[in-house]
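Below: the structure, in structure tokens.
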Protein chains: 2
Amino acid sequence: MDDRIRDHAAVLVDWSARVEEGDRVTMAVGEGAHPLAVAVAELLGERGATLHASYASAEVQRAYLLASDEFEEPTHERRLIEATDVYLSLRGGRNTSAMADVSAETHRAASRAGSELREARMDTDWVSTVHPTRSLAQQAGMSVEAYREFVYDAILRDWESLAEEMGRMKELLDEGSEVRLVSGEETDLRMSVEDRVAVNSAASVAYDSHNLPSGEVFTAPHDLEGTVTFDVPMTIRGKRVRDVRLTFEDDEVVDYAAAENESVIGDVLDTDEGARRAGELGIGMNRGIDRFTDNILFDEKMGDTVHLALGRAYESNFPPGTEDERNDSAVHVDLITDVSEDSRLEVDGEVVQRDGRFRWEDGFEG
Amino acid sequence: MDDRIRDHAAVLVDWSARVEEGDRVTMAVGEGAHPLAVAVAELLGERGATLHASYASAEVQRAYLLASDEFEEPTHERRLIEATDVYLSLRGGRNTSAMADVSAETHRAASRAGSELREARMDTDWVSTVHPTRSLAQQAGMSVEAYREFVYDAILRDWESLAEEMGRMKELLDEGSEVRLVSGEETDLRMSVEDRVAVNSAASVAYDSHNLPSGEVFTAPHDLEGTVTFDVPMTIRGKRVRDVRLTFEDDEVVDYAAAENESVIGDVLDTDEGARRAGELGIGMNRGIDRFTDNILFDEKMGDTVHLALGRAYESNFPPGTEDERNDSAVHVDLITDVSEDSRLEVDGEVVQRDGRFRWEDGFEG
């Protein structure tokens, strides 16, 4: 076995999920994630946890969804999850388009039936990670060998020290009121982060962070004013979009444009009232991620990027008493901008990041 | 998808497990059983059942077992199974020796921790079947194409009519008292089937039969007297045995011999007191199975064979009030004899099978 698979399993079990003796672990294994499942099982045995392995196959799921007339909650699976302490999702299939012929309507119906199950899963110490399969390499436009390098560079970080560094960014956002993002000629956006709590997403349940890799600090901004251009290409609803430009007035998008598939953005904005407002401001700080692979799990964590999501905000950003202000749109669509050049991020008028360098880093020019 | 995979799924779901609308189904998927899992999922969707797929990987299991110091019951999995109506085990791995380096002691310790879980599984409508993988083909000494033919010939039977035919055999055993098996020069064995109920093992929970394929009628004989030779080679405890010969006096084995690995038989007999007595007499009636493949799931069901097991008897053969007479040895080792030539099976002095032909078949010569 590739040593990196064992190292990945160790980060997942010990840093991310904090598995302890006696923990009841459910491990959901994607079709292509077998090698990682073996490595994780070995560690769970060593830690004295008990294990149930479930089979998270997109092809099995597709066959079931397409054949069903209506959906009921799988209550037996809910019993399992309710008795589960740690839920590990090992993603990585064999075809990222395996569900392409399942309609949105069917997905919605199945999703409605599974809402209690999903909530039960969120109540566990859950972590979602990804095994570098050929299918994901293909989606990223990379050979599988190069893709493995890419994934393990993102995952096998010194998380302790990254968490510490991200803690500084969180502190700045928690203590500050106004954030301003300026980039090139196209972006000058101001927003408030007052009355919000930033999350230090350090890829560990101890930080209320549930994805491995992670490496971002995010909050829920409000009162946005200005214009922002997202120069990182992305696939949204199966369509490639490029150079999305949004203009905010009074916290709402009042104008939009895109160099490709502009109508997708229009559709997103028309979903509901919350879709015209932002739900997340995220600052990517994982320098192990060195390129865009059209996979949001990685792209939004990349160092030297900032992202904004239209729609739903995360509960974790709202301190007690502010929950009512949360954007609860049905959508959450991330858009990313590269801030490595000709850019600055300010908090209350002070530059905290310029051209990708943070103020505590060598080479920072305030 | 090979049509036979869909046909296999249909036999499993409808004939064997009798899945109905609203049933909560847990499907355990072996590493090599993915195509069958997809076909079964489709049918479960059509029937309106809910589905949880678990991952029955020998390699995951091995890693967990070898790394563990001690074993606890996975109570979360037991919650799942307790809420499960139908449990489908889709066997078929990628290496039949995947667990070869797990010690018997470790297996026993894990098995002890899982005893309540196992009982819960037995309380469901469970069915175990097998997908024809390359690894199983290799074990059978066959190409995968030929092995698929073999497996589907065994599984895709007219089960309704086979169940009816086996019903006749069950009736003969239920109404009779003494069974006598005579074959060649080497076998002349008498036994009582008094106070026992024969099971018509027709590969369906409706017949209290939990393996697909099946196709045998079995009972729990007692008061064995005489000699029997088992001319079908088998692998027992990892060792090839051939031409096992047992002599019974007063219901106990008093002499044994084998042409190969005789000591394995000695070890089995020394396990406990029940290991020296028989626990099962089975009459193979599945003519779709046309060769021995060193896989007991198939071999013992083959038409024109009779098998006897040393050790543990099945509860289903004991009518109320006779449970105390059940052989509860720790072992259950099947041994098979070919009765296609120069053989006869008698019940109370009447020949019911001669040279492989049953009395109700064309070509039977009383």
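Residue numbers start from 1 in every chain, and the chains themselves are labelled A, B, ... in the order their sequence lines are given, proteins ahead of strands.
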Heavy-atom distance under 4.5 Å between the side chains of A/T26 and B/H76, does that happen here? yes
Count the heavy atoms of every other residue, nucleotide or ligand shown that sit under 6.0 Å from CZ of B/R94, and state whether that count exceeds 12. yes
So how far is it from A/E72 CD to B/D23 CG, rounded to the nearest 0.5 Å? 12.0 Å
First locate atom CG of A/D69, then atom CD of B/E21, and finally report the distance between them rounded to the nearest 0.5 Å. 9.0 Å
In terms of heavy-atom proximity below 4.5 Å to chain A, should B/V29 be classed as side chain, backbone, both, or neither? side chain
So how far is it from B/L80 CG to A/H52 NE2, rounded to the nearest 0.5 Å? 5.5 Å
Quick one: which of B/G48, B/A49, B/A56 has the most heavy-atom pairs under 4.5 Å with chain A, could you say? B/A49
Counting heavy-atom pairs under 4.5 angstrom with chain A, the leader among B/L51, B/L44, B/T84 is B/L51
For chain A, find which of B/R79, B/H34, B/E70, B/R78 contributes the most heavy-atom pairs closer than 4.5 angstrom. B/H34
Max heavy-atom pair count under 4.5 Å with chain A, selected residue of B/A41, B/A83, B/A113: B/A41
Under 4.5 Å to a heavy atom of chain B? For A/E82 that would be neither
Does B/T75 reach the side chain of A/R24, with side-chain heavy atoms less than 4.5 Å apart? yes
B/R47, CZ atom: more than 12 neighbouring heavy atoms under 6.0 Å: yes
By a 4.5 Å heavy-atom criterion (distance strictly below it), what part of A/V25 contacts chain B: side chain, backbone, both, or neither? backbone
Can you confirm whether B/R91 is buried at CZ, in the sense that more than 12 heavy atoms of other residues, nucleotides or ligands lie under 6.0 Å from that atom? no
One should read off an interatomic distance between A/M27 CE and B/Y64 OH, to the nearest 0.5 angstrom, of 10.5 Å
